[in-house]
Enquirer: 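Got a structure for you, questions after.
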Amino acid sequence: MRALSSLLLLVALPVALSVKTQDFKTCSQASFCRRGRALASRAQENVSSWKSPYSVDADSLAISSDQALFTARVKSSLYPDIKFGLDVRVHDDGVVRVRLDEIDGLRKRYDEAASWALVAEPKISQDIKWTVGKNEVRATHGKKKDVEVIVAFEPLKVTLLRGGKEQVVLNGRGLLHMEHFRTKLAAQPSDIPEEALDAEDAQTVLSANNPRSWFEGDSEDGYWDEQWLSWTDSKPKGPESLSLDITFPNHGHVYGIPQHATSLSLRTTTGESPYYTDPYRLYNADTFEYLADSTMSLYGSIPLMHAHSADSTVAVFNAVGSETWIDIAHPTPKSTETQWISESGILDVFIIPGPTPEAVFEQYARLTGAQALPADWSLGYHQCRWNYVNSDDVRQVQAKFDEEDIPVDVFWLDIEYAEEHKYFIWDKKNFPDPLDMVNDVSANARKMVVIIDPHLKRTSSYPVYQEAVDNGVLVKTKDGNEYEGWCWSGSSAWVDFFNPTSWDWWKGLFKTYPIEGKFTWVDSTEDVHIWNDMNEPAIFNGPEISMPRDNIHHGGWEHRDVHNINGMLFSNLTSQAVMARSDPPKRPFVLTRSFYAGSQRFGAMWTGDNLGSWEHMAVGIKMVLANSLSGFAFSGSDVGGFFGNPEPEMLVRWYQVGAFSPFFRAHAHIDTKRREPYLLDEPYKSIVKDILRLRYSMLPIWYTTFREASVRGIPVVRPHYVVIPHDEKGFAIDDQFWVGGSGLLVKPVTEKGVTETTVYLPAEDQVYYDYFTHQAYRSAPKGKNITVPAALHQVPLFIRGGSILPTRERPRRSSPLMKKDPFTLRVALDKSGNARGELYLDDGVTYNHREGQIVWREFKASKAGKGIKLSSHDLVRAKPTDAVDGVALASYNPTNDFAKSIAGVRVEKVVVLGLEKKPTSVKVAGGKEVTFEFIPGVAASGKKEGVSSVLIIKDPAKYLCRFRKCICTLVFACPSALFSFLHLTHFRFLVQNKFTDEIGSFSVPTGVGK
Amino acid sequence: MVPWVLLLLPLSAFSAVDKTHGVPPSLLASYVPTKDGSQEIWTCIDGSKVIPWSAVNDDYCDCPDGSDEPGTGACPNTRFYCRNEGHIGAFIPSSRVRDGLCEPACCDGSDEEPGVCPNKCKEIGEAYRVKQAAERKLRKTGSKIRSSYIAFAQKEKKRIEGEIASLENEIVSREKEVARLKDIADHAESLSATALEQKKQSPLYQSLLAHHRALKSLQCEHKKHLEREKSLGDILDRLRTGYNPNYQDMAVLEAVRGWEFHAGLPHINDVKKDDEPSTEDESETGKDEEEELEPGMWTPQQLEHQLDELLDQDYESLLLEHDKHVGATEHSDSLLYNLSAYVPEPLLPQFEAFQNALVSWLELLGIVKPSKSDAADDSRAKKAYNDADHSLKLTRDELTKAKEDLSRLFDSNWYGKDGEWKKLDGTCLEKDTGDYTYEVCLFDEARQKPNKGGSTFSLGRFAHWNNGPGVEVGSPEYYSKQFYIHGTKCWNGPQRSVVLELECGTENALHTIAELEKCEYKITGTTPALCLPPDEPEKPREEL
């Protein structure tokens, strides 16, 4: 059987799989994008004479009493009667928000995107003063007062400068165009000549009759309704698109605007010989079997773009919820021009001043919120498949993992658990005992994740649908009827989560106990967490597999206005629902496929339905990095690829990728062969088991990194430019990355048949240790490529000199079972013999951390006399306002209940890499000598390459606890044995017993360092 | 401060773990210290390292082979032994030692720190013994049935042996008959061969042959088209019933709807409100209207049943007969007229109609004179010979089959070395799962039969027992799985197949059906054929 299945696994992916590109629009198939691009090409052709028609009416300028905000009237010379309102404000962290809206127009533009994206109303700066000049209004801010915002009047132009250098320019190229609301004239020509449809060929014909054609073009291209394939978009509001150019005159690299399957450093779509022909598109879509290198839209959209150069990082967040296309060009290698074309909505742009990558992350996190701190178990391994077919199947999969002693934390159920795809309703034929099944999984400290999709089967016997009807919370058609579309459940309806009435109702559904008169999910427990899929929304018979744009949401807004936000509301409400079913609340785990700016507050995302191909494996890393930069740190790609049957080699490599993804899930399509790790033949099975165990051993590092993401918004996985911002050679690198600030650098192999690979060590004079072999490599001040072994069982993984890594090395079945296990500290000395690292722990499931129920330690190794001292410090006490997400700890007790609960946890082993010489002795606080082992090798200092020296200290903490005196000292110093001082001092040669005889031939006492 | 000291105490208690904690009885002798001067030392089991005796079970892994931590779980990939006094000792992996969960395998609770897990060995041991007794009883009853299967096989052996003997006799006599008929036929043939050759030059004969070839080709093409149409229909039917909106592909939906329109089927996934009456059941699909046929033309049924016969005509006989009939006036009783003798009873009416039509047509054309003949001896002789030879072949086949049956009877790869499975050969077991009834005819074929109409799919034919790696042919494990493969192909997947997992039970029955992967079914069931007598020691299963 096994031989048979392995044979079948070898069957490669059918080559025919690929996206149906014809199902999705290109820019030239969307009238507003055509118009936007045509505007840009007219500007390009008339570059010398081009002048934006938009200008600030200086007389209307009004500065608020607190000085931080000004408003002004903006006019367009094309339409003098149309009024626009400008609103510019500076937040207390220097973020500049620019809003522009049509006022007193025929209709109202959608202006609520930011209210869904922002975590709170930003605080306005208290020390800004706008200075009004003749041609402009300006303000200076920043710690060094070196940041300047200038709003020029005619034409309207907003510039952010730092140190006199232009950072971000809005409307510098005069492409700003807010199409005002107008009435359709019966006489308007509706037949557009074919050639005018193609922006590339559009000629700027200055019509004598139309003085605006130099700017707007001479035809009303797709103003009033729009046909696409078999669908007609009625466009009752007419044209309302928004074009805006954003220029980074001094930044050669831009990143972000996920989600696209493309390189991290975004390539050009316009200008001279662009890499792509179509702009990057943001329009959440179920892009089935998507391409691995394309600007096509995928499942989620975050309209955030970072711009980076060796000395400056800035970003812009364009809070728009409608379909948006972004053209990118590099007029020079050191500058970037972009044009953002949106279908509807106001202009609401946040200029994020940086100046470093970390500052940008923090500023953006203050806007849309940081990544929610996940439940710790959700950082373990997730085993998914479409589908585990019945409850015994689930039990058997669990039994197989346990039989092979392979760790796993979560088992997932895809749509087939639900009777006729009526989510919440178990298919009792196959899942007759859902509670028993869940409890059997929970018995091993594991969880289940079950899918809940947003489409509701339209049948009155389905209580969720019926209650939605009764509550009047379903999305409506343009005619005001219940919208009916086609999805898994056949004829379906969609909840309108923009409707506040839906919120409490939805939250109620997830209660695990009965409530009189309404449906609650009594067939679930608090160990069941949720997967939200298809929330773009995916609708099989809708235009672009989604919802008609003229559908109506709460408040009368059209679907086009809110499309990209729609998916976020679903995971937002589900996340609140899962949190609220426990009292006191527990951290929810909700995975979402669709997302928008702010979605990071509600859970995790994955990159959707990827293909089992090497290209998709590789691009998955770049996509996870791009999402991470854009705030959504808890992200991953399906290990193994959703479609197709990966060969064992590919699967092994994919596990190596997954083990270094923040979110680590294996998933498979219903048509694929089963591929759970225990099904692999040797040596593949053992390799995957080792990778999984490696992930589990590193969970403390991941969790510590997530703490930082949850507080400061700094990504969990970080590309080179974030870690080494000055190193230009690293700006485009996106196939190797760093695990938080831990100092771990990984380059997963994503190609077939590889036995060695090239790794870039950044521009610094530092030592890098191979995590497994302890081989020491030297980086160089100008950067350096090294070639490292990368056979199938090897993941190129390095520790940057100067790092201390806390790991738990005892294999367990699931991560909650590791909570009492001892730690190992890996101390990777830097060239000068120092190192530091962090460890953050809390109970992992509740919100007690916000009450100070935490342990957050810093480990430091530093030279002390002739020795090295390893010490541990309480970071909470050092930085109480920076310890946990959401709150500044008002009070903190180092002996809090959580700390007490892990008092028995100790450091069982300390591994020190890069010592120069064998220590003469190793002592802990109190002077007691402890057992150690030393393997000579290359020292951190110096230039030698080779296997580094390794010092292994046995059980230092155990000794600490034997001596009362020592304990007292410790209790005073820190809350638990784990976080005690460790001194490695006074290295005296030690011939204590026969175990050290063989190395006792050293005759001269030696020390470390000079 | 003071509580802290107390909290830390359990940790120091750790070092006091009994040095032989977690050591299986077979290794107890290895866990004793030796003296080295004043110090007690210990050598790792693999001999690779010497460590202080105090380092044994001190919750730190010193030995490369992990042998110094039998009781703490500090060394990965080792085993922990729980004594389970009152029950049976068991091994668990080191990953489960002191993980906070009470391991069911360690009923004495020794896998966790003292006081965490209660000792449940007494009750668990008791329950185990009760279960063992029940199993033993089941096995005993089952094994009785199994003995009857073995007895059956013995009878079968005798029966088949008898059959073989009689078949062998029959063959001898048939061989003689064939030899006799061959002589006659050869003789007749040599007489007419020359004349025949000449007659074969007749343009009429040549034209008949040409018609024959054309008709045959046409039939062949026609059959191909029919098959294609059927398989297209099958594909579309399967698409219709099996398609999954998954494919998110409106093209698939359109194909389904197009087929439904074409074939007059209701839409499979029409979403009905509960209060709406179902339309699916009412729709009548039997609307195949008969096409008007020109008089004399064959109906599709005739084409199906009679064309072959027409094509099987012995033209040489016809030729010879024709010759004699030219000029004669009597009605022929040639093969053409006597064909009815070969036609199966139910088809006779159609055949006769056809025959009359054909004869009158031939008569009309003057090809056949409606006359009687007494000739074509040689070809009759040849036919008699051929028939006898064919019967001989059939008998020989029967013999081969009987011998094969005999050889399979006690073949470990077939009915087992005791022949205990022979009784079940062709036994069909069924399980109704609501939408479908699954049927496995043992050693033959597995099928999926829809309960609400639609086509039955083959899930595969019996291929082999459990031939997985490490499975010994003839072992109980070998007979615990049957593989049925090469069933009907899934439209977007592989050929259907079944793994039938069997265990001892007093009844032959199917219990569960699961499609774990697309079109790959796992069926579980019981059979007495797997019930070995309780006293027959099974290969002892290794505990973890």
Side-chain angles (χ1 to χ4, degrees), chain A residues 1-3 20 286 288 389-390 392-393 405 429-430 443-445 457-461 486-488 490-491 538 540-541 545 670-674 693 809-813 816-822 895 900 903-904 906 908-909 954-955 958 961-962 964 967-968 971-972 975 977 993-995, chain B residues 1 3-5 7-12 14-15 36-37 39 41 50-52 55 58-60 62 73-74 76-77 93-96 98-101 244-250 253 269-275 433-435 466-469 481 483 492-494 499 512 514-518:
Chain A
M1 194 53 187
R2 194 146 291 166
K20 285 189 156 182
D286 182 0
F288 183 69
V389 299
N390 55 43
D392 280 341
D393 192 7
D405 215 4
K429 264 189 223 137
N430 293 313
N444 290 323
K457 188 176 182 70
R458 297 177 70 234
T459 174
S460 52
S461 64
W486 190 269
C487 206
W488 299 132
S491 170
F540 298 153
N541 62 341
I545 331 242
I670 196 166
D671 282 351
T672 60
K673 298 293 299 174
R674 294 224 173 186
R693 287 181 166 188
E809 310 263 328
R810 298 195 181 179
R812 297 290 183 195
R813 275 169 290 183
L817 301 179
M818 303 173 86
K819 290 196 173 183
K820 304 273 172 173
D821 283 344
T895 57
K900 283 185 206 164
R906 69 194 212 279
E908 68 170 333
K909 189 195 275 188
K954 173 177 172 175
D955 231 347
K958 189 174 81 174
C961 308
R962 273 219 192 129
R964 177 161 286 274
I967 290 168
C968 291
V971 170
F972 182 74
N993 56 44
K994 64 175 287 188
F995 311 115
Chain B
M1 295 294 147
W4 275 98
V5 179
L7 273 164
L8 291 170
L9 280 178
L11 192 65
S12 40
F14 227 168
S15 58
D36 177 59
Q39 220 195 348
I41 56 162
V50 177
I51 60 170
D58 70 342
D59 203 26
Y60 180 90
D62 297 276
N77 302 321
S94 54
S95 62
R96 301 187 193 181
R98 296 181 190 245
D99 65 350
L101 292 187
N244 201 325
N246 284 327
Y247 292 89
Q248 311 179 359
D249 194 334
M250 297 315 288
L253 189 64
N269 268 332
D270 264 339
V271 180
K272 295 183 288 280
K273 288 277 190 167
D274 289 353
D275 40 359
T433 62
D435 293 339
N466 183 9
N467 58 0
K481 283 182 188 172
F483 291 81
N492 60 342
V499 180
T512 65
E515 189 183 354
L516 295 182
E517 284 168 58
K518 205 71 177 288

Enquirer: Can you see which heavy atom on A:P811 is nearest to which on B:S95, and at what distance?
Expert: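 Result for this residue pair: O-CB, 3.1 Å.
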Enquirer: Quick check: closest heavy atoms across B:L516 and A:V389, and the distance to 0.1 Å?
Expert: CD2-CG2, 3.5 Å
Enquirer: Can you tell me which portion of A:A538 sits under 4.5 Å from chain B's heavy atoms? Options are side chain, backbone, both or neither.
Expert: neither
Enquirer: Give a yes or no on whether A:K820 atom NZ has more than 12 heavy-atom contacts from other residues, nucleotides or ligands under 6.0 Å away.
Expert: no
Enquirer: A:I670 and B:K518: which non-hydrogen atoms are nearest, and at how many Å?
Expert: O-CB, 3.7 Å
Enquirer: Can you see which heavy atom on B:S94 is nearest to which on A:R812, and at what distance?
Expert: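 Taking every non-hydrogen atom into account, O-NH1, 3.8 Å.
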Enquirer: Between B:D62 and A:K954, does any side-chain N to carboxylate O distance fall below 4.0 Å?
Expert: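 Between A:K954 and B:D62 there is a salt bridge, with a charged N closer than 4.0 Å to a carboxylate O.
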Enquirer: Would you name the heavy atoms of A:N444 and B:L101 that are closest together and state the gap between them?
Expert: CA-CD1, 3.7 Å
Enquirer: Return the CZ to CG distance between B:R96 and A:D405, rounded to the nearest 0.5 Å.
Expert: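 B:R96 atom CZ to A:D405 atom CG measures 6.0 Å (nearest 0.5 Å).
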Enquirer: If you look at every heavy atom in B:T433 and A:K429, which pair is closest and at what distance?
Expert: O-CD, 3.7 Å
